[in-house]
Amino acid sequence: MKEFKLENEERWKRTHRCGDLTKKNKDQQITLVGWVASQRDHGGVIFIDLRDRWGITQVVFHPAQDESLIDQAKNLRMESVIGIQGKVVLRPANMVNKLLPTGEIEVTVSRLIVFNESKPLPFMIKDPCDAIDETRFKYRYLDLRRPQMQKNLFLRHRMAQIVRRYFDENEFVEIETPFLMKSTPEGARDYLVPSRIHQGRFYALPQSPQTYKQILMVSGFDRYFQIVRCFRDEDLRADRQPEFTQIDVEMSFVDEGDVMEVMEGLMVRLFKDVLGKSIHLPFCRIPYKEAMEKYGTDRPDIRFGLEIVGLDEIVANSGFHIFDETINQAGKVCGIRLPGVGPLSRKQVDEYTAFVKTFGAKGLVVIQITEEGIRSPIAKFVSDNTLQNIIMKLKGSVGDVIFIVAAESSVCLNALGNLRVQLAQDWNLINRNIFSLVWIVNFPLFEWSEVEGRFMARHHPFTSPKETDLDFLESDPEKVTAKAYDLVLNGSEIAGGSIRIHRRSLQKRLFETLGIDQATAERKFGFLMDALEYGAPPHGGIAFGFDRLVMLFAGEESIREVIAFPKTTRALSLMDGSPSEVDQEQLKELGLKLDLKDK
RNA sequence: GGGGCCGUAGUUCAACUUGGUUAGAGCGCCGGCCUGUCACGCCGGAGGUUGCGGGUUCGAACCCCGUCGGCCCCGCCA
């Protein structure tokens, strides 16, 4: 590798950026800096595509120029960083590159400096990237040079700015809350941070700034927001990272409708300013119960039909023991109808059966309505009458395929809810041009946890019950509805919030129902309970999953595509190698000893 | 914690089903040619601990077990 000198770098201050030059700049003497995006050596003339954040400009070396310049240009490698000085010239009409904004011109180079040569690359900087994820993550700095990744991060930036402007205009104040906070019992696993000064004690990284923002309401800030990192030590998914970004919002003296209205305004603004789309207000609101029954999930994608239909009455006492048994054990028999694409092959049916089994369903009953008649493995077990009733209830006609799951109620709905989405994808039933925004409301406040053997807060333990349900809090917790709301975009939960409890007495009752004894509640949440006793206003709020929102706006399938430095599904950072072991000295200073699980 | 797919040259893949001579190809890299390309083109060349460890076998990229890593899903994620 040749040495080069960086003499008098001032001279290499750029006059333009790589996306700037057009025929208006004809004959100007200019300086550009950037990366070598491609080098095309024709033996005589040499072309370089010079790239920076703003674009690409073709620069040309002509053989008439001095030898050392040509020699340098010949040896330029991809992704080396260079500066050039030269003259802007018009390209001959038949050489114009219509794909480039700068395609009408090129720069005839008279001077070249190589700021830094690049080694041969592990992969080409191009869209789409042809490297596997593992390689992309290891060389994330190269991956982030790709136009698509830059575009995604610019989009993320723009959305963050719009969010800030919107809330600022509406008199929300952005206040930073601590990253080092108290570990709390409920919820996800905490990331812990050992304290050096107080050995044996730990901070936790926030799962969300929930308690702080409530306390800011007690302090009278009335309207708060923050674009803030949150941390949850749980297993990862395409839409879940251990650290992720939330748009956190809280308001005082509001009810559910007030919070939703402000958020609808934000969504309207984002859709208009980012995507140029108008969306209709107010968003449709679906009660939790209806969402579960019709779509088998609390985050329904309503861009397509395939709604779930209950078949309990029709198949009760049908003589088909799987149906009968399910209903006897208080389970559910439900079906969905896939219109007009049948009949399906044996292989397709097997695949869908395997699919519902991953959600705990024991099997999948398929009824195919064909020109030749009805085909179904259950035809020999149930009466023609029952079969006809099922088809009638689902409004089936020739070419349709009906899928039925019989199982414990939540398993049945969950399996069909997921099958519904899978079918829509497989059979192209989703209109990609539509954005469906729905509020899910009237959530149950509690959920019975088999694992814990107690009721758990479905949202979080500070969520207010509806006043009408207060009497059931102790007697029949499952009946209590929460003042909670989720916002769902195309089947993705992008925000969730609630009106909070603002009186200590009610908060205490809630902890009791959750099986958190008074001492524990006092120890873990005493500061919040205390605050509620000093003039806490009625308040509520919401939090958006910012990464998911950006992902959906970017049309990406994974939030890793909109996070600069993401973790893998094993929560590793392949670029910097975190998490990593630390020196004994560091542990000692913190008063920690390792007691590792045997492998 | 569980299930599925995957790991072969710098890189992306093929060869694995059915074990058998020297593990192939594209891109990149190196050398040569080329004055209008824009993923330039043409000719030639180098480049491999088949993730790692063990087993089966006369013989393993291929079969088996374990392990590490990537992706997707279930559980989990107040």
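A note on names: the letters A, B, ... follow the listed sequences, proteins ahead of strands, and every chain is numbered from 1. All values below come from the heavy atoms of this structure, side chains included, with hydrogens, waters and symmetry mates left out.
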Inset, instruction - State which of B:rU11, B:rG69, B:rC77 makes the closest approach to the side chain of A:Ala188. - result: B:rC77

Legend entry - Check: A:Ser208 side chain, A:Gln210 main-chain N or O, donor-acceptor pair, under 3.5 Å: yes

Legend entry - A:Asp49 and A:Arg40: CA distance, side-chain angles, deciding distance, salt bridge (Lys or Arg N to Asp or Glu O under 4.0 Å) verdict: CA-CA 9 Å; A:Asp49 284 346; A:Arg40 298 179 292 281; 3.1 Å; yes

Inset, instruction - Give A:Ser208 one of three labels, base, sugar-phosphate or nothing, depending on what nucleic acid heavy atoms sit under 4.0 Å from its own. - result: base

Inset, instruction - Work out which heavy atom in A:Trp35 is nearest to a heavy atom in A:Asp52; give both atom names and the distance. - result: CE3-CA, 4.4 Å

Legend entry - Residue-level proximity of residues 136-152 of chain A to RNA chain B when a heavy atom falls under 4.0 Å: A:Phe137

Inset, instruction - Kindly write out the residues that satisfy side-chain contact (heavy atoms from CB on, under 4.5 Å) with A:Gln422, not counting sequence neighbours, or none if the list is empty. - result: A:Tyr352, A:Phe355, A:Gln425, A:Asp426

Inset, instruction - Output the residues of residues 514-527 of chain A in contact with RNA chain B, where contact means a heavy atom of the residue under 4.0 Å from an atom of the strand; sort by number or write none. - result: none

Inset, instruction - Could you please name the option among B:rU11, B:rG36, B:rG70 that lies closest to any side-chain atom of A:Pro122? - result: B:rU11

Filtered N/O pairs between nucleotides 43-52 of chain B and protein, under 3.5 Å:
none

Inset, instruction - Please work out if A:Glu106 contacts a base, only the sugar-phosphate, or nothing of the nucleic acid, heavy-atom cut-off 4.0 Å. - result: base

Inset, instruction - Please measure how far the P atom in B:rG55 lies from the corresponding atom in B:rC77, and state the result in whole Å. - result: 43 Å

Legend entry - Nearest-0.5 Å distance that lies between atom CG in A:Leu121 and atom CZ in A:Arg145: 7.5 Å

Inset, instruction - Inspect the surroundings of NZ in A:Lys466 and state if more than 12 heavy atoms from other residues, nucleotides or ligands are less than 6.0 Å away. - result: yes

Legend entry - Side-chain N or O of A:Thr135 closer than 4.0 Å to phosphate OP1/OP2 of B:rU12: yes

Legend entry - Under 3.5 Å on both distances, the Watson-Crick or G-U partner of B:rA23: none

Legend entry - Within-4.5 Å side-chain heavy-atom neighbours: A:Phe462 and A:Gln507: yes

Inset, instruction - On RNA chain B, check which nucleotide each of A:Val60 and A:Pro120 is closest to and give me the residue with the more 5' one. - result: A:Pro120

Might you list the N or O atoms of the protein lying below 3.5 Å from N or O atoms in nucleotides 72-76 of chain B, with each pair's distance?
residue	atom	partner	partner atom	Å
B:rC72	OP1	A:Arg560	NH1	3.1
B:rC72	OP2	A:Arg560	NH2	2.6
B:rC73	OP2	A:Ala238	N	3.3
B:rC74	OP2	A:Arg237	NE	3.0
B:rC74	OP2	A:Arg237	NH2	3.4
B:rG75	N7	A:Arg237	NH2	2.9
B:rG75	O6	A:Arg237	NH1	3.0
B:rG75	O6	A:Arg237	NH2	3.4
B:rG75	N1	A:Asp235	OD2	2.7
B:rG75	N2	A:Asp235	OD2	3.2
B:rC76	O2'	A:Glu234	OE1	2.8
B:rC76	O2	A:Arg240	NH2	3.2
B:rC76	N3	A:Arg240	NH1	3.2
B:rC76	N3	A:Arg240	NH2	2.7
B:rC76	N4	A:Arg237	NH2	3.3
B:rC76	N4	A:Arg240	NH1	3.0

Just distance, no hydrogens or angles: give the donor-acceptor pairs under 3.5 Å from side chains in residues 482-489 of chain A, sequence neighbours left out.
residue	atom	partner	partner atom	Å
A:Lys483	NZ	A:Glu467	OE1	3.1
A:Lys483	NZ	A:Glu467	OE2	3.0
A:Tyr485	OH	A:Ser498	N	3.4
A:Tyr485	OH	A:Ser498	O	3.2
A:Tyr485	OH	A:Gly541	O	2.9

Inset, instruction - Nearest 0.5 Å please: distance from the CD1 atom of A:Ile494 over to the CG atom of A:Asp239. - result: 12.5 Å

Distances for protein N/O vs nucleotides 38-42 of chain B N/O pairs under 3.5 angstrom?
residue	atom	partner	partner atom	Å
B:rC38	O4'	A:Arg40	NE	3.1
B:rC38	O2	A:Gln58	OE1	3.2
B:rC38	O2	A:Asn97	ND2	3.1
B:rC38	N3	A:Arg91	NH1	2.8
B:rC38	N4	A:Arg91	NH1	3.4
B:rC38	N4	A:Met95	O	2.5
B:rC40	OP2	A:Ser38	OG	2.9
B:rC40	OP2	A:Arg40	NH1	2.9
B:rC40	N3	A:His42	ND1	3.4
B:rC40	N4	A:Asp41	O	2.4

Legend entry - Base of B:rU37 and ring of A:Phe47 stacked, centres under 5.5 Å, planes under 30°: yes

Inset, instruction - Could you tell me which nucleotide pairs with B:rG45 by Watson-Crick or G-U wobble geometry, both distances under 3.5 Å, or answer none if nothing does? - result: B:rC29

Legend entry - Pairs flagged by salt bridge (Lys or Arg N to Asp or Glu O under 4.0 Å) wherever residues 557-572 of chain A is involved - sequence neighbours left out: A:Arg136-A:Glu561, A:Glu243-A:Lys567

Inset, instruction - Establish, from distance only, whether the side-chain atoms of A:Thr353 and A:Glu351 form a donor-acceptor pair under 3.5 Å. - result: no

Inset, instruction - Sort out the partner of B:rC77 for me: Watson-Crick or G-U wobble, both distances under 3.5 Å, none otherwise. - result: none

Legend entry - Complementary nucleotide of B:rG69, counting Watson-Crick and G-U pairs under 3.5 Å: B:rC6

Legend entry - Under 3.5 Å side-chain donor-acceptor pair for A:Asn442 and A:Thr481: no

Inset, instruction - Check side-chain contact (heavy atoms from CB on, under 4.5 Å) between A:Phe179 and all other residues, then give those that pass, not counting sequence neighbours. - result: A:Pro206, A:Val228, A:Arg229, A:Phe231

Inset, instruction - For the pair A:Gln226 and A:Tyr224, evaluate side-chain hydrogen bond (donor to acceptor under 3.5 Å, both in side chains) and give the outcome as yes or no after the intermediate values. - result: CA-CA 7 Å; A:Gln226 189 182 188; A:Tyr224 144 96; 2.7 Å; yes

Inset, instruction - Quick one: list whatever passes side-chain contact (heavy atoms from CB on, under 4.5 Å) with A:Leu180, sequence neighbours left out. - result: A:Val193, A:Tyr203, A:Leu205

Inset, instruction - Using side-chain contact (heavy atoms from CB on, under 4.5 Å) as the criterion, list what pairs up with A:Glu474, not counting sequence neighbours. - result: A:Arg509

Inset, instruction - Go through the structure and list residues passing salt bridge (Lys or Arg N to Asp or Glu O under 4.0 Å) with A:Lys74, not counting sequence neighbours. - result: A:Asp41

